[in-house]
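To keep things clear, I will list the structure first and then write my remarks on it.
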Amino acid sequence: MIDRRRFVAGLAAGGAGAVLPSWGRAATAELGFAELPAGAAAEQALDALPGKVPLIRKSYRPPNYETPVRYLGDVITRNDAFFVRWHLSNIPEVKAESWRLNVGGEAADKPASFTLQGLKSQFPQVEVVAVCQCSGNRRGLFEPHVAGVIWRAGAMGNARWRGVRPKDVLARAGVKKTAVEISFNGADAGAIEATPDFVKSLPVWKALDADTLIAFEMNGAPLPHFNGFPARLIVPGWTATYWVKQLVDIAVLAKPFTGFWMATAYRVPVGKFPVVDRFITQETAVNTPITQMVTNSLITNLRVGQRINAAQGLEVRGVAWDGGSGVAAVDVTLDGGANWMRSTLGENLSRYSFRTFALRVPKLAPGNYEVMARATSANGTTQTFTLIHNPAGYHHNVVQRIPIVAA
Ligand SMILES: Nc1nc2c(c(=O)[nH]1)N[C@H]1C(S)=C(S)[C@@H](COP(=O)(O)O)O[C@H]1N2
Ligand SMILES: [Mo]
């Protein structure tokens, strides 16, 4: 793989640039997203939080760190390489012994409180493999730019989560017929009082879905502090904004929740994206809360401008995921979309999981190629070729275009 700075320098010198298609001159992003203006999301500092390998630092306070792409080719993302995203700066060190989960609210019959041990021993434990992806993953690739953390492609990961079902826990507190939403609050708080507390709500049906979990394990280990120790919500198929970490309160609500992180943030314009899962009590005429992830993929083994040995052929590898229907296919082209080939999918760990894909071409004629991969979900939705702009920079699922050279 050629060094990015050298590659860019080569472009300026008319070196490698001479062999790229015209749009390629601007697409200096090594991942091949054409919208990225030259230099907009240049290399950023790698920095290790306690318990983590060096991750790409976006901000230190609150801690926002993304996963380098080299860790994302595996179907399961390592805990110590899993991305970190917090909105608020005061993140307490929660002790397992003193932690309590309080369940109540105006539409619950009787409030209940659980210790970690109580939660683990009183309810059936279940596992789900599911992708945790920030709504704003790839926001840094939006052109024109939008406000928010300028993530590149690593605000996501896939893990095996183990925990208990809110469905079982809430049955203990009793969900009244009047319930419309269930809210979830974390132990974190803003540095100043005026910062709205991080509280998210779910429609009752999604909160009580058998696949929704209160997880205390991630890939067979306790949750890392930065990923929500001792317990977090897992909302398979839905973007990570709902995956409340350091979960301390669950409230059954008789009215739609109006907190900032529901009513104002995490909204997408009506009609722009395919929506399978609706969140009706939060919808307005102009926007809806973000719900499911869109169908997407990431080529993890190639970089823009990479030179490969033509005689040895080419392998295109990566991961694909969607909003929970399951990945049906990933098609790969080497000629900028004129011909598509179906890749081989890896093991299906769950319909909410990353699915690895690989396509091997044994021998290539020397020349220039433009590699793309496009995932299709079992629900028929696929990736876009042109960015669907929206004010908060969510749901980026533009197909990568990676020019490479075979010699
Ligand atoms: N308590 C709490 N939970 C939270 C958040 C937060 O700020 N506070 N951020 C959410 C968002 S927007 C994302 S993308 C995920 C990130 O999960 P991770 O840090 O485990 O990768 O956590 C979610 N849960
Ligand atoms: Mo997020």
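Order of appearance sets the numbers: ligands from 1, and atoms from 1 within every ligand.
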Would you tabulate the side-chain donor-acceptor contacts of residues 313-322 under 3.5 Å, counting partners in other chains and residues two or more places apart, or write 'none'?
residue	atom	partner	partner atom	Å
E315	OE1	R317	NH1	2.8
D322	OD1	G324	N	3.2
D322	OD1	G326	N	3.2
D322	OD2	S325	N	3.3
D322	OD2	G326	N	3.0
D322	OD2	S377	OG	2.6

Please report, to 0.1 Å, the donor-acceptor pairs under 3.5 Å made by any side chain of residues 246-257, with sequence neighbours excluded.
residue	atom	partner	partner atom	Å
Q246	NE2	P92	O	2.9
D249	OD2	N185	ND2	3.3

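Applying the salt bridge (charged side-chain N to carboxylate O under 4.0 Å, His left out) criterion to R160, with sequence neighbours excluded, gives E127.
The environment of K167 atom NZ is sparse: at most 12 non-hydrogen atoms of other residues, nucleotides or ligands sit within 6.0 angstrom.
Taking the six-membered ring wherever Trp is involved, the centroid distance between the rings of W261 and H87 falls below 6.0 Å. In this structure, Y65 has its ring center at least 6.0 angstrom away from the ring center of Y60.
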List below, pair by pair, the N or O atoms of ligand 1 and of the protein that are less than 3.5 Å apart, including the distance to 0.1 Å; reply 'none' if no pair qualifies.
residue	atom	partner	partner atom	Å
ligand 1	1 (N)	D188	OD1	2.9
ligand 1	1 (N)	D188	OD2	3.2
ligand 1	1 (N)	K245	O	3.1
ligand 1	3 (N)	K245	N	2.9
ligand 1	7 (O)	H87	N	2.8
ligand 1	7 (O)	H87	ND1	2.9
ligand 1	8 (N)	D188	OD2	2.7
ligand 1	17 (O)	R232	NH2	3.1
ligand 1	19 (O)	R85	N	2.9
ligand 1	19 (O)	K245	NZ	2.4
ligand 1	20 (O)	N227	ND2	2.8
ligand 1	20 (O)	R232	NH1	2.7
ligand 1	21 (O)	F83	O	2.7
ligand 1	22 (O)	R232	NH2	3.4
ligand 1	24 (N)	W243	O	3.0

